[in-house]
Each structure stands twice: as structure tokens, then as C-alpha cells.
Amino acid sequence: MRLAALWGWVWRSAAAVPPLGWLIGAFCAAVLELLIGYELAIMLYLPKVPPLFGATLLFQNPLLFPATLLFDLLVYILPVCAVAFGTQRLTDRAAAFLEHRPTWLAALMHLVLMYAILHVWTEASAYRLQVSKLVMIAVMLTLSLNVINGYMGEFSCSHPGFMALGAYAASVFTLVLFTQDRLFGPALLPAALGPFCYPLALFIGGMTAALGALVVAIPSFRTRGDYLAIISLAFMFIVKSAIENIEPVGGPRGMGGQPNWSTLPVVFTAMALCIWIINNFVRSTLGKALNAVRDNETAADAMTINTRRTKMVAFMFGAFWAGVAGGLYAHEVRHVTPGGFGIQMLAEQLAMVYFGGLNSVVGSVVGAVSISMVSEVLKPLGLYKWLVIPLILILVMIFRPTGLIAFRDFDIKRILAPRKAALKRRE
Amino acid sequence: MSLEFLLQNVINALQWGSFYALIALGYSMVYSILMLFNFTHGDIFMTGTYIGLGVATGLLALSGAMGIVLPGWLLLAMTIVIAMFLTSFVGVAVERVGYRPLRDAPRASAAITGLMIGIMLEYGNLAILGTQRLLFPPIIETVTYNIFGVFVTNKKIVIVAVALSLMLALHLFIQKTRWGMAMRAMSFDFQVVPLMGVSINLIAPMTFAIGSALAAAGGILYALAYPVLDPFMGILLGWKSFVAAILGGRGSILGAALAGFLLGFIEVFVPIVFPSTFRDLIAYSIILLILTFRPYGFFGQAHSTQLRL
Amino acid sequence: MQLMVENLHVAYDRIRALHGVTFGIAEGEIVCIIGANGAGKSTTLRAISRMVPALPGSRMDFEGRNLLDYPPEKVVSQLGVSHVPEGRRLFGNLTVMENLKLATFARKDRPAIKRDLDLVFSIFPRLAERESQPAGTLSGGEQQMVAVGRAYMTGRRMMLLDEPSMGLAPLMMLSMFEALKEINQAGTTILLVEQNARLALKFARRGYVIENGRIVIEGDSGALLNDPGVKKAYLGG
Amino acid sequence: MSLLRVTDMTHFFGGLRAVYRYNLTLAPGEIRGLIGPNGAGKTTIFNLITGIHTPSRGTVALEGRNIVGLRPHEIATRGLGRTFQNMLLWRHMTVLEHVRMAHYAQLQYGLFGAFFGSPRRYAEEERVEANSLRLLRIFDVERYARQIVTSLPYGAQRRVEMARAMATRPKVLFLDEPTAGMTPEELTQMIGIIRKIHQEFQVAILLIEHRLKFVMELCQRIQTLVFGEVIAEGTPEEIKNNPEVIEAYLGKEEVA
């Protein structure tokens, strides 16, 4: 009882701080860690600054766990809370000020702050940087898969295929134009131009995937559910083995040497764009048509909804972002093989979507981040990791069959609203 | 292309078709009863093979200890029967843990649990048996017959014969027994089945059990031909058989068997004409085309294709 | 009373379908429930055969046993309450004989099964002719015969019938009700739900009128036939 | 001129004759009833006209233009709105979203607007929302606007479905058993609502009904369907006294 009251108090006071406050707090914590993190770690007999809040140490070296907890408390929890609560009045006023400005302005401010936090935080280690980038790519993949599997309710299994198409198309573009490559010969354009053309490469990757999605979208006019699932599965296998048979892109050995253009700002911008556009879409009436087609196609038809167009848009749109994510992925890991885009990857992506929650932007972000994190945390367990993750997912499915945060609209305006007013409204 | 060469490959195709068909039957049966795909089935096939390995090794050791030399065919028969029996419990357990709690949930969720249990079986196997690949004991010795220039091993004959007779047995079971009758009824309209005094919780596990037993038999036959076992062997064969089950028309036993053999033929004959790396590409393209133009497979019915969500 | 239903509440997907239905049937009776479409007739039957869950507070007793303790298949096999669902729901891929045999899945009493089968065939001689034909290929009337016969084979204490006259030609309806009378005389209590109110009331001894998930009128058939409230419930007043 | 004209429409399901030589001429602003026992093919007629099935034979013309073979959403866009017997609502959507959704064909902002949130999109969506709320008010379900539709009482769901159908701006409204499962009070209310939309929107209505009283009170003309064929057509008075109708619909007098 007392615990519940305590929890309620914590929750209430946390809710009184607008997101801006938390972000500023996190930024301060990140800076703090950059300044004194190493010294503090030494003092606490830690070998280095814990890369992911010490979570990775949980199974690697459990004895260090208390020390990392202390580290987290001193570097993250206390400073964040102190700053957040300390500036509460200020940030709430800022939020109130921003409420009457265009939404994009407020959103942009928060995004810039978020990027700053990530930028500072990932300074600490290359591992952190890579994990952060891969998580952001996973967010894009999960969200785009959610468009098809959650919002439109088809069980599509072709996402690794779309991703492969994007990865290869983007890689071919950059490799042909900007690098001296084993497969494609000398660069056609000066490398200095490359980073500027990189968005174009990603766009081409996305469009290639979207075109590929037609192969799945067109059969979806006539058949739904299981058969479509198989068609999409077959598509995934076809993409994989088609690439294996195209020698110019390296066949089964894959393609490497992509320039390292998937930098943090690029990935972050791509992810922010992806979330923004997808969220825009699914909140519009055109986007909600996906839900109508999912919940009852006959009714959708009778209510003037062009169901074929809707299905096509969903598949191509989802595939586009998978393609972009594939392009980013290729330029991050800098070596892709067709074998990598297979069942294993599919299982991971499905896990993220269904764990996080169907039909929900926040759910996808939560799913992608938490499954990636759990996967990093459990890495020291070796293959036992693959016993724990499935078990978690099975439990989630049994107790929450549509995932943790399902069927939720993501309304930026409401989230960024000043807290005082929000709290008052709730009372 | 000579006639001998052709016949040679027909036999190979029949052998591969047998594996696919035996596994596809399990998918198809579960589908017809519960309207959901048992995505664990490929890994049940793998588990069945390993159980077969255990049984065969045990039997060999036992007969060795008792100083009896059992003939190869008897050993094989005993291995298959015992392994089928044991593996059926794996199927029942999977139904109980993974599918029954989710019977009213969205079907996609059940698919996810199925996939996850499959992963757990794979890595559970790795955790228990380690990463080195195990070899299935040579229960029967390979004898090669030359029939008019066509070389046939006794193993291939055994594989095809056992597969065909198991399919025949399944057919008889489904057509002639009251259990089979209940299964057919349930595939037609599972909601009314309880009104006949038949419990769904009886028929569903039984279906899983039979499917798993057939997968185990398929696994042992597979190990007979390709004795190097691998915890991930279920993925490749499982997914392909799954596709065959769909191709046959979901829930159609005959369709699943035929599509399994068709897949075997495609896979054996494509490399004759094209480079062998095109095998998967062409096999899956054919499947995609068939499903695009015949969305319900060979024998499938067009009812209720909506995903519940 | 053989079957006592008290304060039965049922909801589908949070929408209440029944709000406290109460009625009872004595052994050997024929009782009908009439009412408009969507009034809750089918739901009442489905609740008795446990196909839909009853909400807490509901009570259903069959021959002194609490129905709520039994899953649907045991209501059939242990209590002997059979249910002919709306739209017949035959197993169209099974033959007529298989449909009837499946109904005896849980029964062990072979001689009695034989006797029951003979009775079904004597009431519906047409079925004997169509024995090995898939049930899906039969005419509507024949399908209804199989449905009734099948229900009789599962349990003979009580039969719940959901719109047995639906989609039948008038002559067929009559002979169907004649057959039901024979089944009743063989010792089966009958509770039926009908849209054809006159026919049902003519056939049944007593009747209940259900409206919006509640029993609003009850009484002897003769009285109900002349009741203005019945006209209202059935014809929409 | 007739608004909707159906001539000799016939349809078979497999070998089963579901509808035989059905004719209908609907004038603008008319309310027509279609009655008949369960399984007579009433809903099939709706499905044939609205394009869910394509009739085996016969023509359907809306304002003189043939609509057979068009996809259902095209037919709906041309002005055939409908409700469904078992209320095909979208179970994860709110009431307001339902009605907004039915404005789909009226939206002009396109995918670009949807992706990037163009000002035009917000202007249009605002207009759609205002119109939706207006419709919800007419059907007296405004207070449920933000609720998920499955959490509503039955009668309210029916009205949401009608509001949704009206949002497509139909010229002809097809109502498939609009009062199924309603209480007498709700029934009376429904008669009022149908009258109101009939006057306010100047829409022709074809309705399938079970309760004779309801049909008699609303409709100018009534068709009676038995086994896919129209056996009688006329004013409520004529139908009420037609012996064939009485037999088919109420059961034979000798039986009773």
C-alpha cells in the first residue's frame, strides 16, 4: 500500500516535468559523464565507463554490478532528476511558450536537443556509437514493418527482402559513383561529393524496395492473411537467392567496402524523418484507411475507400522505409551478404514489432529499443540469449497478444504540452 | 538427356519429395484443424531427428550390450516407431504451451509464439548437445542396385517406401477412424465440434502429435540419406515444406503430399537445366507465381482468409 | 423442472445481449421462445449449451446439476443436452452417415447407438437413402433432417433447436415439426427458438416471448397466440 | 427520371438461384421497403447492387449510367451508401474516426499531404471533422465521439453505422435491417431518425426490414421477396392484405 503511494508520488512528480526538462537533464548527465565519467569509473574500481548503463556487465561480470549501479545513480539518475526538477518551472514556461508556436518548431527543438544528447553520449566509445546507430535503424525497420503488419494487419514476411533491396541498391550507387571498388572499378565522381549525394543513394534504395514491394502488393488485392504471408515469405527468399546469383554484386560472398557515411547525424535525421512521416501518414484519414481495410475490407469498400490503392500504398510505403534502413545499415556495417537478410533477421524484426505493440508508433520504438537492448545485455550469455529472448516474447504474447503498447496514437502536440495545464486538465 | 539419367533424377526427386511431403503434412493438418500454422514444425522435425539419433544410438548400444545382432531393417523400424512416439509428445507440449493459451488471440501472435518456440528448440539443442555436429549411426548398410543402368540405393527405396506407406496410413486413419472423422469435421467447422460432444482440447493435441510423429519419421529418413545433423536443419526443410503445404491448399492432406513431391521435382530438375545456385530462386518464383494466380493453392478453399486481429 | 435458467446474463465483446433471462422447462415438454431478430433467442440457446460464457450471477441448472460447471462438449456428452445451431452447420465434407456417427463420438453404448440410429432413419427415411452422400450436397430440408438427427444422436435428454424452419418450404416445415413431435414422444424435451411464431406456438405447449434480452411474456401457446403483446414482439407492434 | 433502376437482375451462387429477375425503379427521395423471410435473398440484392457480388445477369443503372462491374468503392463514391445487417464496424477505431473515414473519396490532399502534413491536409481534415461531428449530432451519438466503437451500446452502434453511411454523401441509402436488436423506444427513435435524414439529405432509401410495422410506417412502396423472387409489390395497405405475403411471412393460416 505504502509502496503504491510512493510509486504514485514518483509518477506524479515525474509527470509534472515536461519532456524538455528531461532532455535538458539528460544532456547535462551526458556532459557530466564526458567530463568526469572516466575518473569516477576508476574510483569505483570499474575498468571503464559502463557502455550501456552497465547493463552489458550484468552477465559479464555480475560482481561489478553494484558499482555500476552507483555509477548510474551518480552520473545519470541524480543529475537528470536534479536538473529536470530544478528547471521545472522554467521548462514548463518554455513549453507553454512553444505551445502557441508551430508544432514543427517545438518538435525541431526537442529533436536538436535529443541529437545533442546522443552526440555527447556516444563520444565515450565506438561501441556505444554503433549500438546507437543500429538501434535507430532497427526503429525504422520496426516502424515500417508495423505499417504493414500492424496498421494494415497483413502478416508480411518480406521485410528482410525489402531491406536487402535497399541495401544493395544504395551500395551499388555509392560504390559505382564514389569509390574505387574491386567490383565496379574506379570512382566516377569525386569522393568529396559523396556525402551530399548519400541521401539520394538512400532514396534510390528506398524506391527500389518500394518497387519490389509491388510483387507482394499486387497479389494482396486478391488474397489476404496466410497466403499473402507465404507470398511475402517467398519474395524474401527470392530476393536473397536472386542476389546470390548476381555475380557483379558479389554473389553469395556479398558486397563490402561501402563508404562509412552512416554517421550519427545522418542516421538520426533519417530516423526522425521516418518517424515523422510515418506518424503523419497513419494519423491522416488516408492512413487510417489502412485500419479500415484491416478491420473490415467490405465495409471499407462500401465507405468509398479504394482498398487496392490503400494496400499498395501500405506495402510500398513500408518497403520504402525498409529500403532506406537497408541503405543505412549497409553503410554502417560496410559489408552485406544476401545470407544476412534471411529468416533470422525476419524473426528479430517480427519480435520487435509484436513485442512493442501493433498499430502504434511508440510501441515500435519501444519494441525496437528494448529488444535490441535485451539482445546486447544478454550477449555474454552466448547462445542462452536465444532461449531467454524467445521466452520473454512468448510471455508477452500470452499476456498481451497485441504487444506492450498497442493501438495508441502518437500525438506530438499532447506530449510536448506544458505540464501544469495538462495536470489541471486531468483533475 | 538419356532415359537412365532422367530416371535417376526421378528417384532423387521422389526421395526429396518424401521429406518435404512428410513435413508438409504436419503443417497442413494443424492448419486444417486450428486455422493456424505451426511455425514450430520445422524445429519439431529437427527435434524428431535428434530423438531418432538418440533412439538409434540407444538401440545399438543395447543390442551390443546384450550381444544380439539385430538386422538393420528391424533396427530402423524400431527407431522410427519409438522416435515417432516420443516426438509426438513434443508436439503435444508445443500445443499446450504455445498455442492453446493463444487460441482466441490474433493469429499473428500465435505465429510469433510458434517461431519463438522454434528458436528455443534450436538453441536448446545447441545448449544441450554442444556445437559439434552429430552423425546419425549407419543403421542399414548402403547397397546399390543397378536396374537397367539406373543406380538405386536401398536407402532411397526405403525412404520412398516408408514415406508413401506412412502417408497411406495417415489417409486411412483420417478417412476410416472416428478420430479421423472428428478431425475432418473440425477442419470444416471447428466451432460446432463441441456440440457433437467432442472436445477441441482432445483433437488439437492429437493433431499436433500425429504431425510431429510424421515429422520425426521424415527426420529419420532424412538422416538416413544425409547423416550429418545440425540444430538448424529444420529451418531450411521446414520453411520449404511449409511453402509446400500452402501450395497444396491449406488444410488439404492430399495437396500437401502432392506439393511436397512437386517441390522435390522442381529442386532436383532445376539444377539440370540451370546453374544449381538458381534452385531456390526458381523454386520460390514458381511458388509465388502459382499463389498469385491460384491464391488458394491446389486444393484449398476460399473461405476465411482474414487475419484475426 | 428439468432445466432452470435464472437471471442469465450474456455479453459479446462487452455488449450485453441478455439481461437476466429466467425460465424453466419440465421434462418431456415442448417449449418455444419467440421474438424479433436480435432479441437474444439464439444467444439464450448458445448460453445453455455453453458456447458463449454466461456472466457472473447467472444460474443454470439441468436435472439438479449446475450447467456452468460443464464445458460445451460435456453438456452434450454427460448431460445429454443437444443443440441444433442456427443455419444447421453440418459438416459438409462428411457424409450423412459420418455426420450422424460423429455425433456418437463420446458415447460408448453401442446397442443404444444402433437403436437411436434406427429411430432417426425411421423418422427421416430420406436420410437412409442419402446415407453415403456428402452432407454439403443435400437440399435445405434434408440438411435440416441431418442436423436434427445428428443432435438426437448426441444427447437425448433435451434438444435445443435454433430456427428449424429457416429456409424451408412450407410443406417441408410441417413435416419437420411432425418429426420433432416424434422425437419428443421418444422422450426428448424440446426447447426451440423460432421466427415463424404461429408455427412454433401451434407446435409447442408453452411459449416465452423475448425482447431485448429479457423474457417479457410467458404462457400457454393458445393464450400467447391471441396476445397483443406477441403480435407486438413478433411483428414489431 | 428514376434515380436507380435495376432490370432483370439474376444471380446464382454455384448452382443455387439466389435472386431471380429482380426489378426496381427508385425515384429520387423515395423510401422503399424490401421484406421477406430469412434467407429470401434480400441482403444478396443489396450486395449485388452495391458491387460486392456481380450479378450473373441484368443491369443496374444509377442516374442512367450502368454500374455493373464497377468496384464497390466506385459504386459507393457514385452515391450508393449502405449499412450492413451485422454492422460491419471497424473494431479498433473510434466513433469519430469511423465517420471521418467515410469521407475518404472527398479528400483531395493526396499522399503528399498525408506524408508531410501540408496545410491543405489540415484544412481538409478540419472540415471533415466538423462535418463528422455534425453527422454524429444528427444521429445523437456525439457524446461517444472519442470512444472505441465496440464499447458502445448496440443501438448507438447502429446509429454510428448510419452516420458513417451518410458521410459518403449517398444519393440512395441502403439500410439492411436498421432496427435489428433494438428496443421499442429505440425503434421509435429510429423511425424519427430515418425520417429526419430523408428530409434533411433528400436521399432515396431502400430498406430491408423484419418488423412490418416499421416498414409500413416509413415506406411508400414495399416489395416482398420469397426464395429470391418478388411475389408482391405495392403500397403498405396492399401488402398487408395480400394473402401470399401473409402466407410467406407469417406462416400459413391453416398451420396456425
Side-chain angles (χ1 to χ4, degrees), chain A residues 149-150 153-155 215-216 218-219 222-231 233-242 244-245 251-252 294-297 342-344 346-347 350-351 353-355 358-359 382-394 396-403, chain B residues 31 35-37 97-98 101-102 104-113 115-124 126-127 131 235-236 239-240 242-243 245-247 250 274-275 277-289 291-293 295-297 300 302 304-309:
Chain A
N149 285 34
E154 292 293 359
F155 197 80
V215 178
V216 188
I218 289 170
R222 297 220 299 152
T223 184
R224 294 197 65 181
D226 309 318
Y227 284 91
L228 198 66
I230 306 313
I231 288 174
L233 187 73
F235 176 77
M236 184 191 86
F237 284 123
I238 287 171
V239 169
K240 175 172 161 268
S241 66
E244 275 171 359
N245 281 293
R294 173 196 65 201
D295 286 351
N296 196 307
E297 203 176 329
I343 291 282
Q344 183 89 24
L346 175 68
L350 288 173
V353 171
Y354 286 86
F355 177 84
L358 295 175
N359 202 86
L383 56 90
Y384 289 96
K385 170 178 137 183
W386 289 108
L387 294 177
V388 180
I389 291 180
L391 194 66
I392 296 173
L393 215 72
I394 289 171
V396 170
M397 286 295 106
I398 288 177
F399 293 107
R400 276 189 96 102
T402 49
Chain B
Y31 188 88
M35 299 294 279
L36 50 82
F37 287 112
V97 176
L102 285 157
D104 297 320
R107 285 172 42 207
S109 312
I112 300 288
T113 34
L115 279 174
M116 293 303 135
I117 296 177
I119 294 176
M120 288 176 80
L121 285 177
E122 286 158 18
Y123 285 89
L126 270 183
T131 44
I235 296 179
L236 191 72
W239 285 99
K240 280 201 181 145
F242 170 54
V243 168
I246 304 290
L247 203 57
R250 10 163 226 212
F274 300 97
T277 48
F278 276 48
R279 200 178 63 184
D280 280 9
L281 181 65
I282 289 174
Y284 282 113
S285 300
I286 291 174
I287 286 155
L288 194 130
L289 281 178
L291 283 179
T292 305
F293 294 104
Y296 302 105
S304 64
T305 42
Q306 287 237 341
L307 269 176
R308 288 194 316 232
L309 198 79

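The structure presented is a predicted model; accordingly, all values stated were derived computationally and were not measured. Proteins get letters first, then strands, A, B, ... in listed order; numbering begins at 1 in each.
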Which atom of B:Tyr31 lies closest to which atom of B:Arg107, heavy atoms considered: OH-NH2, 3.6 Å
Chain A contacts, top residue of B:Val97, B:Leu126, B:Val243, B:Ile287 (heavy-atom pairs, under 4.5 Å): B:Leu126
With B:Met120, the side-chain contact (heavy atoms from CB on, under 4.5 Å) member among A:Leu393, A:Leu387, A:Ile389: A:Leu387
Distance flag, aromatic centroids of B:Tyr123 and A:Tyr384, threshold under 6.0 Å: no
Segment of B:Ile117 engaging chain A (4.5 angstrom heavy-atom cut-off): both
Which residues share a salt bridge (charged side-chain N to carboxylate O under 4.0 Å, His left out) with A:Lys240, sequence neighbours left out: none
Which atoms of B:Ile119 approach chain A - backbone, side chain, both or neither, heavy atom under 4.5 Å: both
Euclidean distance, B:Glu122 CD relative to A:Gln344 CD, rounded to 0.5 Å: 7.5 Å
Choice from B:Thr113, B:Leu281, B:Thr292 maximising heavy atom contacts with chain A below 4.5 Å: B:Leu281
Closest non-hydrogen atom pair, A:Asn149 against A:Phe155: ND2-CA, 3.9 Å
Region of B:Ala110 in contact with chain A, defined by heavy-atom distances below 4.5 Å: neither
Contact class of B:Leu291 relative to chain A, heavy atoms under 4.5 angstrom: both
Partner residues of B:Leu289 under the side chain to side chain contact (heavy atoms under 4.5 Å, CB included) criterion, sequence neighbours left out: B:Phe293
Under 4.5 Å from a heavy atom of chain B, the part of A:Leu383 involved: both
Parallel, tilted or perpendicular: ring planes of B:Phe278 versus B:Phe274, cut at 30 and 60 degrees: parallel
When A:Asn359, A:Ile230, A:Val216 are compared by non-hydrogen pairs under 4.5 Å with chain B, the top option: A:Ile230
Residue part contacting chain B, namely of A:Phe355, when any heavy atom lies under 4.5 Å: neither
Atom group of A:Leu391 that falls short of 4.5 Å from chain B, counting heavy atoms: both
Atom group of A:Ile398 that falls short of 4.5 Å from chain B, counting heavy atoms: both
